[in-house]
Amino acid sequence: MGAFVPTNLLPHRPARIAVSSVLAIAIAGLIAAVLWAILDAATEPSSASRVDIPHLLRMTAIQAGLTTVLSLAVGTALAWALNRLRFPGRDLVVGLFAAAIVTPGMVVAFGLLSIWGRNGWINQTSEALFGFSLGNPAFGLSGILLAHVILDGAFAARILLARLDAIPATRLKVGQSLALSATQRFALIDWPAMRSNLPGLGAIIFLLAFTSFPIVLLLGGGPANQTLEVAIYSAVRLDFDLVGAVRLALTQIAVCAVVILLASASTPVVSVHGRSVAPSWRDAVPAQALQWIILLLATVGFALPLLSVLIDGIASGFGRVLAQPTFWWSLVTSLLIGSASAVLTLLLALALTLGRAASGARPVRILLGTPSFAYLAVPAVVLSLGFFLIVRNLGVAPAQAAPVVVIIANSLLALPFAVATLGPPLDAMVRARGKLIRSLGLSGWQQFWRVEYPLLGKDIGLMLALAFCFSLGDLGVIALFGTQDFQTLPLMMFRALGAYRSNDAAAIAAILLIGTILAFVGLPRLFERIAHASR
Amino acid sequence: MVKSTSMALAVLIGLSAVSAHAQDVPTLTIYTYDGFAAEWGPGPQLSAAFEPVCGCKLTWVAADSSIGTLRRVQLEGATTEADLIVGLDTAIAGEARATGLFADHGLTLDKLALPEAWTDAQFVPFDYSHFAFMYDTDRTATPPKSFEELIAMPEDFKIVVQDPRSATPGLGLVLWIKAAYGNRASEIWAGLKPRILTVTREWSESYSLFLDGEADMALSYTTSPAYHIIEDKDETIKAALFEEGHYPQIEVAGILKSSDQQELAKQFLAWFASPEGQKIIPTTNWMFPVVDLGADLNPAFAGLPQPGKTLQLSDEDILANSSAWIDEMLAAVQ
């Protein structure tokens with residue numbers, strides 16, 4: 001299992017490799033252009049850096065490493081439990097888990113506090129029942145890890161669940177007839193299906209945790225727990241030390257490159273994919289009990305914070321928000337940007353992953369995998385400054401370029417997620433069916449429409465949901481562009497928060513969350529149906 | 001469906017057509033921070049009131065933050081479209097002046113009602129408030145009356161502040177403690193460390209933690225209670241006044257040398273600092289006006305307790321030392 005397939009068994013697809021190479025080089029070029037534009041604009045040499053880089057790197061690496069390990073472990077356990085269990089409202093629970101990662105981090109963090117905080121549900125219950133408070137576990141390293149695992153662990157579970165659900169029924173039947181124990185079933189059937197996703201997922205989670213900024217500051221309890229990202233923000237905005245900022249950004253990219261290269265170089269795993277079917281094979285009772293416990297803990301840990309966001313929103317009342325014309329404009333803008341970014345992400349991700357799957361040469365696979373992840377490692381404040389300078393250098397009015405820049409920037413942010421979602425199944429498919437495709441003499445298009453697309457339908461839906469929700473409106477990248485006429489729902493929420501209007505913000509957060517859950521429940525189903533209907 | 005499609009089209013078209021039909025009247029392009037230009041902020045009301053007076057058009061261009069407007073102008077240099085920046089404050093005025101991008105305003109500002117006399121040749125003040133810690137009278141019966149009393153509060157009494165590198169009030173607190181304690185600032189910060197629940201990136205995060213009951217006090221402004229009195233009919237949120245005195249945030253506007261609308265820009269600033277412009281400020285930007293509005297000032301503002309003493313630092317002192325003071329703070333609370 002997991003044997004590396006000799007290249008000569010792969011269908012010969014030079015065009016796919018060429019297209020994805022061009023894309024990968026273009027993304028790398030964009031990152032270089034962003035950094036170069038900043039260096040070019042720097043008028044003064046860098047002042048001596050006041051940042052204790054080794055200390056920050058050590059702190060951040062520990063935090064990001066722990067986040068990654070915990071998130072993957074929790075995600076694997078939860079995917080395993082969700083794959084086996086069937087209960088009313090399961091789709092909603094799955095949707096809720098997936099929603100965490102695309103919900104603005106601040107919303108999740110405040111949801112977490114309303115459960116685990118000093119004045120949260122748990123402490124209030126404990127005080128009412130037992131007359132004492134349990135203290136405040138939500139701050140410090142434990143708080144950061146908890147928030148990150150809620151965001152990333154649940155996301156990992158959603159992606160891994162898609163892999164488990166794609167295990168063909170025939171394979172399960174064989175396993176069942178061999179009377180595999182729950183442990184053997186996990187080791188022989190589940191693990192091979194999931195493990196090809198772990199490197200990509202791990203890299204994404206590490207990068208997100210490494211560059212996390214508001215959550216780390218909010219829950220970190222002070223500058224002792226902070227990331228390089230805040231130092232870079234300070235260099236760009238407060239000190240206006242552009243050379244120093246680029247140097248710090250390069251440091252961050254270099255450290256993250258270790259993780260990115262490991263993920264990009266990972267060996268594809270051969271596994272067979274089928275349509276998801278309702279399982280008829282139940283595990284033994286102790287394993288079932290463990291699955292229910294995992295689900296219960298995950299629900300308390302992950303779903304309650306999001307539920308509290310919904311309840312806060314409902315309690316604040318939607319009327320005042322819905323009555324504002326701005327809300328509807330923001331909604332339309334968000335939907336337009338989300339849709340455009342999702343489509344662009346899909347195109348980029350398909351081009352990259354099809355080309356990567358077509359190649360058996362490790363250096364080529366690294367070249368095609370690295371740039372999309374590297375973009376995640378570029379600090380947001382550096383991106384926003386770089387994009388502003390590039391647009392100006394091109395002679396375009398920033399306000400007019402803003403929508404285009406947002407769509408491109410958000411697509412690139414969502415791209416690693418899409419690559420990590422679509423890459424492993426494509427790798428596996430080509431390697432499992434390469435011989436067949438060659439012997440049938442299918443063209444590249446035929447290979448896509450007859451073999452890859454029908455089996456990818458659900459993954460494409462999941463990826464579109466991810467990219468769409470991701471891109472609803474993070475406008476950080478156009479921070480300097482002049483944004484007063486260009487408002488999205490997340491921006492409207494943050495503006496409301498910044499103007500004392502916390503009720504409006506709570507209502508918008510709840511609306512965002514509902515929309516996100518709907519997208520995650522609906523889009524994968526819709527696309528599975530379309531993909532199968534087109535056959 | 002038809003309606004949403006046409007709205008969608010309108011958004012796309014609107015984005016490119018915003019500035020199409022305003023060529024015949026002179027236009028003032030003003031860079032500001034996004035809250036100022038927001039629909040509930042002062043921007044739209046200022047436009048509505050000033051445009052008939054001047055026969056001109058105000059175009060607000062909002063960056064994400066106050067310092068973002070300055071950085072944008074610095075990057076654009078002489079090619080900037082901005083005629084004015086509205087929304088810098090006294091903590092970065094020295095740095096802004098040192099860029100050499102700002103012109104003298106040439107106005108006689110002798111009718112101002114500010115906590116300190118105003119002599120700045122480039123920047124015109126348009127609102128102010130003092131930094132202060134908020135508390136909730138339902139939760140805290142006797143708030144601390146000084147930094148030293150705050151330090152001596154019980155173990156579970158927690159405050160939230162903001163990072164001086166990313167939030168204006170965070171920088172304000174660094175200046176406040178420096179102005180009040182000078183060489184003892186580091187000692188005060190070290191004393192505050194056990195009281196600090198967390199240091200957030202933005203003001204809004206600190207304030208939400210406070211309102212949610214996660215912290216007992218949050219760093220904000222003496223004018224913050226006015227919002228709750230006026231909008232929520234809630235009188236339980238109050239600013240704790242400290243005996244050391246308070247450091248003010250004075251927000252300012254300045255004209256760029258590169259502007260070809262110098263006279264119009266001056267006319268705007270003179271109007272903005274007059275009672276006509278100033279009466280818009282309190283209930284849109286939630287700060288004190290810089291002139292005495294008399295009966296036009298909302299009574300919720302008029303009734304707010306004011307600090308007994310206003311602390312000061314010179315622009316030159318801030319420009320030369322703020323980095324070191326921030327490092328001192330970070331080292332002390334690390």
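Sequence lines set the chain letters: A, B, ... in the order given, protein chains first and strands last, and positions in each chain run from 1.
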Give, as side chain, backbone, both or neither, the part of [X] having an atom under 4.5 angstrom from any heavy atom of chain B.
{"X": "A/Arg392", "value": "side chain"}
{"X": "A/Phe139", "value": "side chain"}
{"X": "A/Leu335", "value": "neither"}
{"X": "A/Leu331", "value": "neither"}
{"X": "A/Phe110", "value": "side chain"}
{"X": "A/Ala41", "value": "side chain"}

Nearest 0.5 angstrom please: [X] [atom1] to [Y] [atom2], how far?
{"X": "A/Leu238", "Y": "B/Ser322", "atom1": "CG", "atom2": "OG", "result": "6.5 Å"}
{"X": "A/Met106", "Y": "B/Glu202", "atom1": "CE", "atom2": "CD", "result": "9.0 Å"}
{"X": "B/Thr200", "Y": "A/Ile215", "atom1": "OG1", "atom2": "CD1", "result": "13.5 Å"}
{"X": "B/Thr198", "Y": "A/Leu218", "atom1": "OG1", "atom2": "CG", "result": "6.0 Å"}
{"X": "B/Arg72", "Y": "A/Leu389", "atom1": "CZ", "atom2": "CG", "result": "11.0 Å"}
{"X": "B/Ser204", "Y": "A/Arg495", "atom1": "OG", "atom2": "CZ", "result": "13.0 Å"}

Identify which part of [X] has an atom lying under 4.5 Å from any heavy atom of chain A, answering side chain, backbone, both or neither.
{"X": "B/Asp156", "answer": "backbone"}
{"X": "B/Ala331", "answer": "neither"}
{"X": "B/Leu211", "answer": "side chain"}
{"X": "B/Thr32", "answer": "neither"}
{"X": "B/Glu81", "answer": "neither"}

message: Counting only heavy atoms from other residues, nucleotides and ligands, does the tally under 6.0 Å from CH2 of A/Trp116 exceed 12?
response: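 For A/Trp116, atom CH2 is not crowded (no more than 12 foreign heavy atoms under 6.0 Å).
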message: Can you confirm whether more than 12 heavy atoms, excluding those of A/Trp121, are under 6.0 Å from its CH2 atom?
response: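 Yes, CH2 of A/Trp121 has more than 12 neighbouring heavy atoms, counting only those of other groups under 6.0 Å.
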Pairs of heavy atoms under 4.5 Å with chain A: top-ranked of B/Ser166, B/Ala38, B/Gly77: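 Among the listed options, the one with the most contacts to chain A is B/Ser166.
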- prompt: Under a 4.5 Å heavy-atom cutoff, which of B/Leu75, B/Asp212, B/Ile196 has the most pairs with chain A?
  reply: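 The candidate making the most pairs under 4.5 Å is B/Leu75.
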Considering all heavy atoms, the nearest [X]-[Y] contact:
{"X": "B/Ser208", "Y": "A/Leu497", "answer": "OG-CD2, 3.5 Å"}
{"X": "A/Asp239", "Y": "B/Ser323", "answer": "OD1-OG, 4.1 Å"}
{"X": "A/Leu113", "Y": "B/Glu214", "answer": "O-OE2, 3.5 Å"}

message: Can you tell whether the side chains of B/Asp216 and A/Arg118 come within less than 4.0 Å, N to carboxylate O?
response: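 Salt bridge between B/Asp216 and A/Arg118, a charged N being under 4.0 Å from a carboxylate O: yes.
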task: Using a heavy-atom cutoff of under 4.5 Å, enumerate the residues of residues 501-508 of chain A that contact chain B, numbered in order, or state 'none'.
output: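 Within residues 501-508 of chain A, the residues that come under 4.5 Å of chain B (heavy atoms only) are A/Arg501, A/Ser502.
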- prompt: For B/Ser65 and A/Arg237, does a side-chain donor sit closer than 3.5 Å to a side-chain acceptor?
  reply: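 The criterion, which ignores hydrogens and geometry beyond distance, is satisfied for A/Arg237 and B/Ser65.
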task: Using the test ring-ring contact (aromatic ring centres under 6.0 Å, His included), find all partners of B/Tyr227 that sit at least two apart in sequence or belong to another chain.
output: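 If we apply the ring-ring contact (aromatic ring centres under 6.0 Å, His included) test to B/Tyr227, skipping adjacent residues, the hits are A/Tyr500, B/Trp286.
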- prompt: Do B/Arg201 and A/Tyr233 meet the cation-pi criteria used here (NZ or CZ under 6.0 Å from the six-membered ring centre, within 45° of the axis)?
  reply: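 Yes, B/Arg201 sits over the ring of A/Tyr233.
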